[in-house]
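Please read the structure below before turning to the comments.
None of these values were measured; they are calculated from a predicted model.
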Amino acid sequence: MKKQLVLLDHDGGVDDYLATMLLLTMDHIQLLGIVATPADCYIQASVSATRKIIDLMGFSHIPVAESTVRGINPFPRLYRRDSFIIDRLPILNQEETINTPLVAQTGQDFMVQVLREASEPVTLMVTGPLTTVAVALDQAPEIEEKIAKIVWMGGALNVPGNVEKSLEAGQDGSAEWNVYWDAVSAARVWETQIEVIMCPLDLTNNVPMALELLKKITRQRQYPISDLAGQCYALVAHQDYYFWDVLAAAYLGKPEFYELREWETEIITTGVSQGRTKVVSGGKKIYAMDKVDKESFYAYILQQWAR
């Protein structure tokens, strides 16, 4: 069976590592590499944790690249520190050395190279801000033709955002963090003809990380990936947590679980709504994951991590 070419761009949050682990279980995916964008993480810890996860899962031929882009509105330090914790989890530190290569070039240069050299258009799986993609497009506009589509966890269409007004002065609460970190770059991607399939908060708000599911993951901890997933989720079990990036990544494995809906949208880049993905007539047409078979999704990730 011909494999789907995918390049992952994540930003080092807890669910980014879990999405990485899920993608690596998909036999029909050929993962060409992973770019770590320095947004919801501290980048050195994120790169290290990513490489260790790839080693643990036996895919040490897959290269990792460190993006050097910068956003406009930093993620809170409390969010970003999780990258340090995951990098030091015992299950990821059983070996003395890391075998997965860290490429010398920047993540944005690596993205350009991978797309230029790909034998056919590549799906970009983006679970963080779109900044690295936008910078790569600015550096080499011709790569737009080599992007089959962007599957992106980001945006809030008809629900409030998750950028809290109480924490971010001058915000009206409509922005989602992956847009808010760098709305200008999201708007740059919106200027292209690239097909975008979004996994917005409208959907993820309905798919929580329930304690009962964590118990199910724990009960299959004899499998190393389930063990690691359980440890990652335990870090965030004290708060309301949702399947953001994992839900987006699962679309590549089981698109039949999802219903898509087309919207015309624009990215707001200034003012109190900076970072909002606004539904507006005449805007860029995107597809949003509108509904998901939740029970099938839960069963799928349990099955994939029991390997």
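- Using a 4.5 Å cut-off on side-chain heavy atoms (C-beta onward), Q231 and D227 make contact.
- Rounding to the nearest 0.5 Å places OG of S67 at 12.0 Å from CD of Q105.
- For E145, the CD atom is loosely surrounded, since the number of other residues' heavy atoms within 6.0 Å does not exceed 12.
- Going from atom CG of L252 over to atom NE2 of H28 covers 6.5 Å, rounded to the nearest 0.5 Å.
- Looking at I34 and L23, their side chains never come closer than 4.5 Å, going by heavy atoms from C-beta outward.
- Residues L92 and I217 are members of one and the same hydrophobic cluster, defined by side-chain heavy-atom contacts under 4.5 angstrom among Ile, Leu, Val, Met, Phe, Trp and Tyr.
- In this structure, C232 and I86 approach most closely via the heavy-atom pair SG-CD1, 4.0 Å.
- Expressed to the nearest 0.5 Å, how far OG1 of T20 lies from CG of D15 amounts to 9.5 Å.
- To the nearest 0.5 Å, the span separating CZ on F84 from CD on Q44 amounts to 7.5 Å.
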Q171/N73 under side-chain hydrogen bond (donor to acceptor under 3.5 Å, both in side chains): CA gap, chis, key distance, verdict: CA-CA 11 Å; Q171 257 296 309; N73 299 298; over 6 Å; no
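- Between V151 and M289, the closest side-chain pair of non-hydrogen atoms falls below 4.5 Å.
- By the 4.0 Å N-to-carboxylate-O rule, K3 lies too far from E120 to be salt-bridged with it.
- Surrounding OH of Y287 are at most 12 heavy atoms belonging to other residues, nucleotides or ligands under 6.0 Å away.
- Within the 4.5 Å cutoff, side-chain heavy atoms of I85 are placed close to those of D82.
- Between E168 and Y180 the shortest side-chain heavy-atom distance falls below 4.5 Å.
- Using a 4.0 Å cut-off between charged nitrogen and carboxylate oxygen, D202 and R261 do not count as a salt-bridge pair.
- The residues K52 and E95 are annotated as not salt-bridged, no charged nitrogen and carboxylate oxygen being separated by less than 4.0 angstrom.
- Checked against a 6.0 Å centroid threshold, the rings of Y233 and F243 count as neighbours.
- Residues F110 and P63 are in side-chain contact: their nearest non-hydrogen atoms beyond the backbone lie under 4.5 Å apart.
- A pairwise comparison of heavy atoms in L228 and M21 identifies CD2-SD, 3.7 Å as the closest pair.
- The only member of V69, D11, T68 that meets side chain to side chain contact (heavy atoms under 4.5 Å, CB included) when paired with P38 is V69.
- In this pair, F75 and W181 present their aromatic rings tilted. The plane angle is within the 30 to 60° band.
- The aromatic rings of H61 and F59 sit tilted, their planes meeting at an angle between 30° and 60°.
- In the displayed structure, E262 atom CD is contacted under 6.0 Å by more than 12 heavy atoms of other residues, nucleotides or ligands.
- Side-chain N/O atoms of Q139 and Q108 include no donor and acceptor closer than 3.5 Å.
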